[in-house]
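Letters go in sequence order (proteins before strands), and every chain restarts at 1.
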Amino acid sequence: MLKRTHNCGQLRLDDAGKKVILAGWVHSYRDHGNLVFIDLRDREGLTQLVFDPETQPQAHELAGTVRCEWVIAAKGLVQLRTEGMENPKLPTGQIEVAVEELQILNVSKTPPFEIDSAEKTNEEIRLTSRYIDLRRPEMQHKLRTRHQVTMVVRDYFDQLGFWEIETPMLAKSTPEGARDFLVPSRLYKNRFYALPQSPQLFKQILMVSGVDKYFQIVRCFRDEDPRADRQAEFTQIDVEMSFVDSNDVIGVSENLVARIFKRILDVDVAVPIRRISYKEAMADYGTDRPDLRFDMKLKDVSDIAKQSSFKVFTSVIENAGIVKGLCAPNGEKYSRSDIEKTLTSFVADYGAKGLAWSKVKTENDKLSLLSGCAKFFSPEAQQQIIELFEAKDGDLLLFVADKEAAANKALAPLRCKLARDLKLYDKEHFEFVWVVDFPLFEWSEDQKRYDSLHHPFTSPIEEDMDKLPAEGGFAGGRRCRPDPANICSQAYDIVVNGSEIAGGSIRIHNPKVQQKVFDLLNISRDQAQQQFGFFLKALGYGAPPHGGIAFGLDRLVMLLTGTENIRDVIAFPKTQRGQCLLTDAPSEVDQKQLDELNLRTQRHSHKPSQKTNEQK
RNA sequence: GGGGCCGUAGCUCAAUUGGUUAGAGCGUCGGACUGUCGAUCCGAAGGUUGUGAGUUCGAGUCUCAUCGGCCUCGCCA
């Protein structure tokens, strides 16, 4: 076999005159009868090979038989291309390799889709023949970027004295959180491991162990329905540190983010990254992961609306609801029917019962509200609204009247949709923000109890310790004033362009405080012992104050590569229904395997698993 | 579990109101061709319209079911 001396993206003008050997895939061939050209591709690029029947008849003849995606090696002379024949689209376009010897290393069937037009190809086919899809330069760029990010991460944490430590994949099922993937135990009948939703408890225990600074690039599993930016199997950059407060973790994290964006995209991230409180985020943007590339803040107009004659508004306010809205700059381009069909049905998807609107127009040298719900407002009220939103001629005001949480739920995505439609931001730009001061709990109406907003191991701020319910009178040495709804946590999320890329917190390191949180979450003592006993016990043996954070690697790489689809940044992703189209997992198993695991399935029909796209 | 969009040649798409033998580009195969780079020119092959029922004289088109893909609500401590 000819051993390559260079890759296909490497040769330049300066290399002219060198004898080289290249190897790769036939990207395309152009057979002129006389000359044959082959664009040879590997992950580094394309190089043109030229075969001349006059000088190398043997190689030329063989080249005529070659087809796309065959694997070949070619030995020849690097030469300048004839004048006027350079290809400015290729980095190697100044030169070509005049082949003297050609070896066919392997033939290939005709690929199921053309490499060049794969961008438009049905994803189902791309996933079924993933090995072809991954040959595409765009996909290789994403694989490479992902690799580069993990290398920056490892290098960064190593320099700061962090240790990368692996934690078990076969772990214990936890009652809270997402649905677990279960793995039956062969040695213990009726017992199961769970694949980790995150290494949360292990990393905290590593702090108890004195590891001090831990990180891990780790696979996590949550058995919930996928989305465009979510897979059941995903990767976290998991971090935990001892003897730290929020600012320490935030500092380490934002410097990492800055380094990643600098190294990968040469983008400077201004550090420290600004912070806003959860309360502010919810009030101004209706979500705890606001997209700050554009302004268009939400405003509560309840005070003005309750004096209107609009029944929808007044009755909602009487029932403890609010009227909240936003001002879409130049939103007049939405017609009445756009608003009443498209936008109204958009917010309806998020549970809004309606969408009130009004356009802002200049009349007699004065801004006023026009059409829609304008007629329900007095001229004075209209002026108040215009001032509140700082509305201008041609703007569109949109309102949702509902309970505060419901209004936010509809308005936050509406705000993003409008910004997208109206092109209010630069797609290439990144806007970072820390969201801090989350409440520790939120009331769950379904379950009639409090729920952790972050997770149950998040610590309250010192000042709010005494708002936890009493447990034998103990409240961190202070008197108790139970007020769970108003406990502020030491949690923090970093949000980029409306996407949460990391979240973390300072943890509870006092077993008594931890126990009280479990109590409040209505986790019984028995249950807590059974599920978290090992952890509570560990906290009892000198747990240092500690905290950490976890980054979503997949989403980070999506941002860095400008991808909207998480499957594009995962080499072998699953479909929306959790299938791997390449391998046909999940598949049925032999009865023998089930017997060994002491498992009996409810349906015994053992039809052979269906191959989706068998190649001939 | 709910909602939406989609499924026609290997790939991307077309096919009038339900009406003749389902078309095109790319790819594939064969041939031609002195420098191409999305080569060009000539020719050919390639289809159970995802699957199954139904309505109809007649279904790619309408109805129902089903399978699959994507988006989304719920869900995702």
Side-chain angles (χ1 to χ4, degrees), chain A residues 27-40 46-54 64 67-69 79 81-90 92-93 96 98 109-129 132 174-180 197-198 200-201 220-232 234 345-352 409-410 413 440-442 444 446-447 450-458 491 500 503 505 517-518 521 523 531 550 552 564-565 567 574-577 579 581 610 612-613 615-616:
Chain A
H27 188 68
S28 66
Y29 62 93
R30 294 172 292 282
D31 184 347
H32 287 248
N34 185 28
L35 293 180
V36 172
F37 298 95
I38 288 179
D39 289 341
L40 190 64
L46 290 178
T47 300
Q48 174 166 286
L49 309 178
V50 59
F51 298 80
D52 189 336
E54 304 282 317
R67 293 294 176 267
C68 282
E69 299 308 313
Q79 61 185 29
R81 292 199 189 185
T82 324
E83 199 169 332
M85 295 302 154
E86 302 88 352
N87 185 348
K89 290 185 208 158
L90 293 180
T92 61
E96 65 194 355
K109 294 181 187 177
T110 303
F113 52 88
E114 293 159 61
I115 301 263
D116 272 341
S117 59
E119 204 65 51
K120 285 181 272 173
T121 301
N122 189 341
E123 201 174 351
E124 195 173 348
I125 293 155
R126 288 174 50 204
L127 290 174
T128 308
S129 300
I132 306 290
T174 50
E176 296 258 329
R179 196 177 292 115
D180 280 326
Q197 295 185 25
S198 85
Q200 184 62 34
L201 295 179
C220 304
F221 305 87
R222 292 175 193 174
D223 189 4
E224 301 292 348
D225 290 358
R227 284 286 185 281
D229 62 350
R230 215 168 75 190
Q231 285 261 302
F234 63 100
S345 81
F346 179 84
V347 294
D349 285 345
Y350 297 90
K409 207 171 202 173
L440 192 60
F441 303 110
E442 63 184 347
S444 162
D446 289 353
Q447 301 174 75
Y450 285 102
D451 230 339
S452 291
L453 198 71
H454 199 66
H455 59 53
F457 315 106
T458 300
E500 183 198 322
S505 63
V517 170
F518 286 151
L521 296 175
I523 300 173
Q531 301 295 342
E564 306 256 300
N565 170 348
R567 292 178 298 280
K574 303 209 167 26
T575 67
Q576 185 88 181
R577 296 204 41 202
Q579 267 198 312
L581 296 182
Q610 201 188 345
T612 41
N613 201 350
Q615 297 242 338
K616 298 223 171 84

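- Exactly one of A:Leu49, A:Val50, A:Asp31 qualifies for a side chain to side chain contact (heavy atoms under 4.5 Å, CB included) with A:Ile38. That residue is A:Leu49.
- Taking atom P in both B:rA9 and B:rA22, one finds a spacing of 14 Å when rounded to whole Å.
- Within a 6.0 Å sphere centred on NZ of A:Lys409, other residues, nucleotides and ligands contribute 12 heavy atoms or fewer.
- Distance from the side chain of A:Glu124 is smallest for B:rG68 among the nucleotides B:rU72, B:rG68, B:rC70.
- Here the side chain of A:His32 pairs no donor or acceptor atom with the backbone of A:Asn34 at under 3.5 angstrom.
- B:rC76 atom P lies 10 Å from atom CZ of A:Arg222, rounded to whole Å.
- The residue A:Arg567 sits close only to the backbone: its heavy atoms come under 4.0 Å of sugar-phosphate atoms, none of a base.
- Comparing B:rU12, B:rC76, B:rG68 against the side chain of A:Asn122 picks out B:rU12 as the nearest.
- Between the P atom of B:rG1 and the CD atom of A:Glu224 lies a distance of 13 Å, rounded to the nearest Å.
- For B:rC71, the OP1/OP2 oxygens have no side-chain nitrogen or oxygen of A:Arg227 closer than 4.0 Å.
- Contact annotation: A:Lys409 side-chain N/O to B:rG74 OP1/OP2 distance is under 4.0 Å.
- No donor-acceptor pair closer than 3.5 Å links the side chain of A:Glu69 to the backbone N or O of A:Pro111.
- With both ends at atom P, the span from B:rC42 to B:rC26 equals 11 Å, rounded to whole Å.
- A:Asp225 comes within contact range of at least one nucleobase, with a heavy-atom separation under 4.0 Å.
- Phosphate proximity of B:rC71 to A:Gln576: present, with a side-chain N or O under 4.0 Å from OP1 or OP2.
- At the heavy-atom level, A:Ser198 lies under 4.0 Å from base atoms of the strands shown.
- Between the CD atom of A:Glu564 and the P atom of B:rC70 there is a distance of 16 Å, given to the nearest Å.
- B:rG52: Watson-Crick or G-U partner is B:rC64, with both key distances under 3.5 Å.
- Rounded to whole angstrom, the span from the CG atom of A:Asp349 across to the P atom of B:rG3 amounts to 13 Å.
- Mapping A:Ala178 and A:Arg577 onto RNA chain B via the closest heavy atom, the residue that lands nearer the 5' end is A:Arg577.
- Separation of the C1' atoms belonging to B:rC33 and B:rG18 is 49 Å when rounded to the nearest angstrom.
- Rounded to an integer number of Å, the gap from CD1 of A:Ile125 to P of B:rG69 is 13 Å.
- Here A:Tyr350 lies in heavy-atom contact (under 4.0 Å) with sugar-phosphate atoms only.
- The distance from atom CD of A:Glu123 to atom P of B:rC11 is 15 Å, rounded to the nearest whole Å.
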Test salt bridge (charged side-chain N to carboxylate O under 4.0 Å, His left out) applied to A:Arg30 and A:Asp39, step by step: CA-CA 9 Å; A:Arg30 294 172 292 282; A:Asp39 289 341; 3.1 Å; yes

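- The gap from the C1' atom of B:rG60 to that of B:rU51 amounts to 14 Å, rounded to the nearest Å.
- We find the CD-OG1 distance between A:Glu96 and A:Thr82 to be 6.0 Å, quoted to the nearest 0.5 Å.
- Nucleotides B:rU56 and B:rG47 place their P atoms 32 Å apart, quoted to the nearest Å.
- A donor-acceptor contact shorter than 3.5 Å is absent between the side chain of A:Arg81 and the backbone of A:Glu86.
- Judged by Watson-Crick or G-U wobble contacts below 3.5 Å, the nucleotide B:rA9 has no partner.
- Taking atom P in both B:rU20 and B:rG58, one finds a spacing of 15 Å when rounded to whole Å.
- Closest to the side chain of A:Gln579, out of B:rC76, B:rC11, B:rG68, is B:rG68.
- Separating the CZ atom of A:Phe113 from the P atom of B:rC13 is a distance of 14 Å, rounded to the nearest angstrom.
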Where protein sits on nucleotides 28-42 of chain B, one letter per nucleotide: B base, S sugar-phosphate only, - none, heavy atoms under 4.0 Å: SSS--BBBBBSB---

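- Using a distance-only test at 3.5 Å, with no hydrogens or angles considered, no donor-acceptor pair links the side chain of A:Thr47 to the main chain of A:Leu40.
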